[in-house]
K.L.:
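Got a structure here, written out as structure tokens. Questions coming.
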Amino acid sequence: MMIRCVRFGDLSCSASKVLLQKQTPKAQAVIVARYQNQALPARSIQNGASFSQQHGYKYDESSKFGSSFCIVGGVAFLGIGVYKYFTESKANAAEVVGSTEANDQEVEDVLGVPPVPELPAQVQYLLIGGGTASYAAMRAIKKRDVSAKVLIISEEAHLPYMRPPLSKELWYSDDRDLAKNLEFKTWNGKKRNVYYEKPDYYCEPGELPSKSEGGVAVANNKKVASINPVDNVVTLEDGTEIKYEKCLIATGGQPRNLPIFKKSSEEIQSKVSVYRTASDFSELDKLTDEVKSVTVIGGGFMGSELSCALGHKGKQAGFEVNQVFPESGNMGNVLPEYLTKWTTGKVQREGVNVITGTVVNDVSMEDGRLKLQLRSGQEIITDHVVVAVGLNIDTSLADSAGLETDDKLGGYRVNAELQARSNIWVAGDASCFFDAKLGRRRVEHHDHAVVSGRLAGENMTGAQKPYYHQSMFWSDLGPEVGYEAIGIIDSTLPTVGVFAKATAQDTPRAAEESGLRADADESTKNAEVSTKPSPTSEEFGKGVVFYLRQQKVVGVLLWNVFGRMPIARKVIRDQEAYGDYTEVAKLFKIHSDELD
């Protein structure tokens with residue numbers, strides 16, 4: 001490799017000296033000198049005259065004999081060189097190629113040629129957070145402004161991905177190698193992975209300013225430490241400053257741990273984990289290949305879904321799964337008591353040892369395993385504990401950015417357009433927004449991340465749209481039982497449930513196969529009403545649960561009923577008091593054997 005130094009005079013000599021001192025492989029430093037417009041070594045011999053910048057050319061009488069000697073010697077060394085060249089190993093060649101980039105960087109350092117920066121100094125749209133809300137905002141921005149330049153700053157090592165499969169489909173794959181690559185089959189058998197886009201969709205962050213037609217970049221493993229809303233500048237933890245025109249905060253939250261584990265010894269803490277990210281899935285999946293027992297703490301959405309998923313794998317891999325929580329049954333904070341008990345039975349049938357109404361009072365080590373002492377007096381010996389008890393919402397940027405937070409609900413308080421202050425919007429789990437029908441709320445579900453992210457992105461491009469959409473959420477306890485819900489789903493509210501006997505078509509798997517699982521925003525004005533009689537069922541095969549506040553419906557839960565979410569939205573939007581909820585349930589066609 002030849003390295004050409006393009007500076008002149010003493011500086012070029014210094015460059016050559018530095019390069020040679022670095023022992024650059026197969027490199028020859030050549031100085032392009034201003035003098036004589038000739039390419040010369042730092043000190044060269046030409047036609048018997050030596051040249052230096054201080055003394056010019058000086059004739060050397062001894063050069064005649066030296067020239068003859070050099071000719072003979074040169075021929076000999078040429079032969080040796082040719083032989084050596086053809087006998088060099090491929091390993092050496094690979095080493096030279098591999099060192100080229102490093103050598104080029106050395107040249108840039110020596111000569112002062114600026115490399116492409118890791119991060120741009122200024123961006124048009126800056127999205128803080130690498131999750132679903134940021135991705136949805138980016139898509140909305142690009143739809144309205146095709147030449148937009150968008151930078152996503154993510155604390156994770158992964159490109160934007162969807163979280164729901166981490167506690168659902170990934171664990172039910174028959175091909176475990178697929179799961180290890182974050183690939184899975186949906187309930188209807190379609191193969192896909194968790195990532196929203198292929199890697200080549202994104203450009204390098206440093207290349208973003210040069211993208212004349214716009215582009216999207218993700219800066220992984222970076223964290224924003226502060227925001228200066230006056231100058232529109234964010235500062236990263238490493239001190240890097242980036243100026244923005246429009247900024248979105250979609251930082252979500254961090255999974256909670258329990259004090260009893262956080263204050264324990266390092267040995268105990270090494271056997272306790274939380275669960276939220278793709279990396280958490282990969283670590284837990286690998287860990288459960290070798291354990292005899294896993295215990296999940298928490299009985300909410302994540303805890304119950306994860307327990308069922310681990311129970312499924314445990315049956316195949318031969319480990320036991322325990323689940324511990326203080327409520328009377330699974331999802332006890334959102335489901336009516338009768339449905340909670342039924343759900344707990346379903347989780348138990350998945351192979352999970354469900355222990356309700358208690359918490360962990362003490363933890364210690366016994367023969368290399370964890371010993372959990374429960375308040376009920378029970379003891380559990382287990383190899384690993386997974387804590388799934390909700391999120392701590394990240395509002396760490398509030399002080400520096402001068403943003404208001406909600407003491408009761410958590411998150412950043414935003415207006416109807418999801419704007420926190422000039423040029424700053426908030427979406428996803430971290431947004432505490434005002435719902436015109438249900439009051440101020442904060443929602444921690446995938447659909448809300450999609451909808452709020454999309455709206456924030458549109459408003460960042462000047463749409464000025466208010467947030468009126470009622471986002472939904474869903475949970476699956478395996479491929480056979482699932483529910484979708486919308487509005488305020490709180491077990492402390494009065495509820496009215498109408499149920500019917502389920503058929504083989506009333507499952508998450510069948511809903512996906514029929515294309516009914518997607519949340520389509522179709523019109524509900526002409527919703528057909530079924531007039532078939534309402535059989536009763538003690539098995540709660542499928543049905544509708546209405547959550548009431550002041551006799552008005554504020555939440556709807558569809559139990560193994562799919563494709564009816566637009567109707568649920570209309571019921572909440574109308575805010576009417578109904579005398580007979582059996583008649584209202586007919587809107588959802590729970591008595592029809594055919595999903596349409």
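In this chain, residues are counted from 1 in sequence order.
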K.L.:
Applying side chain to side chain contact (heavy atoms under 4.5 Å, CB included), name anything that partners T240, two or more places apart in sequence or on another chain.
P.N.:
L119, L236, D238, I242
K.L.:
Quick check: H448 with F433 (ring centres under 6.0 Å apart)?
P.N.:
yes
K.L.:
Are S396 and D394 close enough that a side-chain donor and a side-chain acceptor fall under 3.5 Å?
P.N.:
yes
K.L.:
Between R441, R163, R276, which is the residue that forms a salt bridge (Lys or Arg N to Asp or Glu O under 4.0 Å) with D429?
P.N.:
R276
K.L.:
Side-chain donor-acceptor pair under 3.5 Å between S147 and D145, yes or no?
P.N.:
yes
K.L.:
Side chains of W425 and N459: does their closest heavy-atom pair fall under 4.5 Å?
P.N.:
yes
K.L.:
Keeping N193 on the side-chain end and E183 on the backbone end, is there a donor-acceptor pair under 3.5 Å?
P.N.:
no
K.L.:
Can you check whether E207's main-chain N or O pairs, donor with acceptor, with S210's side chain at less than 3.5 Å?
P.N.:
yes
K.L.:
Verify the neighbour count for atom OH of Y201: are there more than 12 heavy atoms of other residues, nucleotides or ligands below 6.0 Å?
P.N.:
yes
K.L.:
Side chains of C308 and Y172, heavy atoms from C-beta outward: is any pair under 4.5 Å?
P.N.:
yes
K.L.:
Could you tell me whether the side chains of K262 and N257 share a donor-acceptor contact shorter than 3.5 Å?
P.N.:
no
K.L.:
Counting only heavy atoms not in Q316, do more than 12 fall under 6.0 Å of its CD?
P.N.:
yes
K.L.:
Who pairs with S491 by side chain to side chain contact (heavy atoms under 4.5 Å, CB included), at least two apart in sequence or on another chain?
P.N.:
none
K.L.:
Using a 4.5 Å cut-off on heavy atoms from C-beta on, say whether the side chain of L208 contacts that of C203.
P.N.:
yes
K.L.:
So L248 and V426, do their side chains get closer than 4.5 Å, heavy atoms only?
P.N.:
no
K.L.:
For R176 and D285, what are the C-alpha separation, side-chain angles and deciding distance, and is it a salt bridge (charged side-chain N to carboxylate O under 4.0 Å, His left out)?
P.N.:
CA-CA 9 Å; R176 296 310 303 165; D285 184 42; 2.7 Å; yes
K.L.:
Scan side-chain atoms only and decide if K313 and T288 contain a donor-acceptor pair under the 3.5 Å cut-off.
P.N.:
yes
K.L.:
Quiz question: by atom type and distance under 3.5 Å, do the side chains of E155 and N220 form a donor-acceptor pair?
P.N.:
no
K.L.:
Is any side-chain heavy atom of Y196 closer than 4.5 Å to a side-chain heavy atom of V194?
P.N.:
no
K.L.:
For salt bridge (charged side-chain N to carboxylate O under 4.0 Å, His left out), just list the numbers for E444 and R442, CA-CA rounded to whole Å, side-chain angles, deciding distance to a tenth of an Å, and then say yes or no.
P.N.:
CA-CA 7 Å; E444 296 179 8; R442 192 181 63 77; 2.8 Å; yes
K.L.:
Within a reach of under 6.0 Å around NZ of K243, are more than 12 heavy atoms found that belong to other residues, nucleotides or ligands?
P.N.:
yes
K.L.:
In the structure I gave you, are the side-chain heavy atoms of F281 and Y275 within less than 4.5 Å of one another anywhere?
P.N.:
yes
K.L.:
Return yes if some donor-acceptor pair links the side-chain N/O of Q419 with the main-chain N/O of R421 below 3.5 Å, else return no.
P.N.:
yes
K.L.:
Any idea how Y483 and F301 line up, ring-wise: parallel (<30°), tilted (30 to 60°), or perpendicular (>60°)?
P.N.:
tilted
K.L.:
Determine yes or no for a side-chain-to-main-chain donor-acceptor pair under 3.5 angstrom, with Y195 supplying the side chain and M162 the backbone.
P.N.:
no
K.L.:
To the nearest 0.5 Å, what is the distance between CZ on F473 and CD on E484?
P.N.:
10.5 Å
K.L.:
Just checking, any donor-acceptor pair under 3.5 angstrom between side chains of S226 and S400?
P.N.:
no
K.L.:
Before we go on, tell me: are the rings of W474 and H445 under 6.0 Å apart, centre to centre?
P.N.:
no
K.L.:
With a 4.5 Å heavy-atom cut-off, do F261 and V363 have their side chains touching?
P.N.:
yes
K.L.:
Would S293 and E320 count as having a side-chain donor-acceptor pair, cut-off 3.5 Å?
P.N.:
yes
K.L.:
Is a side-chain donor-acceptor pair under 3.5 Å present for D280 with T277?
P.N.:
yes
K.L.:
Answer yes or no: is there a side-chain heavy-atom contact under 4.5 Å between P229 and N423?
P.N.:
no
K.L.:
Determine whether the side chains of Y244 and Q124 contain a donor N or O and an acceptor N or O closer than 3.5 Å.
P.N.:
no
K.L.:
Report yes or no: do E241 and N228 form a side-chain donor-acceptor pair below 3.5 Å?
P.N.:
no
K.L.:
Going by side chain to side chain contact (heavy atoms under 4.5 Å, CB included), I297 matches just one of V360, V274, V359. Which one?
P.N.:
V360
K.L.:
Has the side chain of K211 got a donor or acceptor atom that lies under 3.5 Å from a matching backbone atom of G215?
P.N.:
no
K.L.:
So, S475 versus E305: side-chain donor-acceptor pair below 3.5 Å or not?
P.N.:
yes
K.L.:
Would D383 and K271 count as a salt bridge (charged side-chain N to carboxylate O under 4.0 Å, His left out) here? Give the steps.
P.N.:
CA-CA 7 Å; D383 296 300; K271 296 181 180 296; over 6 Å; no
K.L.:
Using atom types as modelled and distance alone, determine if a side-chain donor or acceptor of N560 lies under 3.5 Å from a backbone N or O of G482.
P.N.:
yes
K.L.:
Hey, is the main chain of G299 close enough, under 3.5 Å, to the side chain of S304 for a donor-acceptor pair?
P.N.:
yes
K.L.:
Walk me through whether E458 and R139 qualify under salt bridge (charged side-chain N to carboxylate O under 4.0 Å, His left out).
P.N.:
CA-CA 9 Å; E458 291 175 349; R139 293 296 302 228; over 6 Å; no
K.L.:
Could you tell me whether the side chains of T295 and H384 share a donor-acceptor contact shorter than 3.5 Å?
P.N.:
no
K.L.:
Give the minimum heavy-atom separation between Y412 and L397, together with the two atoms involved.
P.N.:
OH-N, 3.2 Å
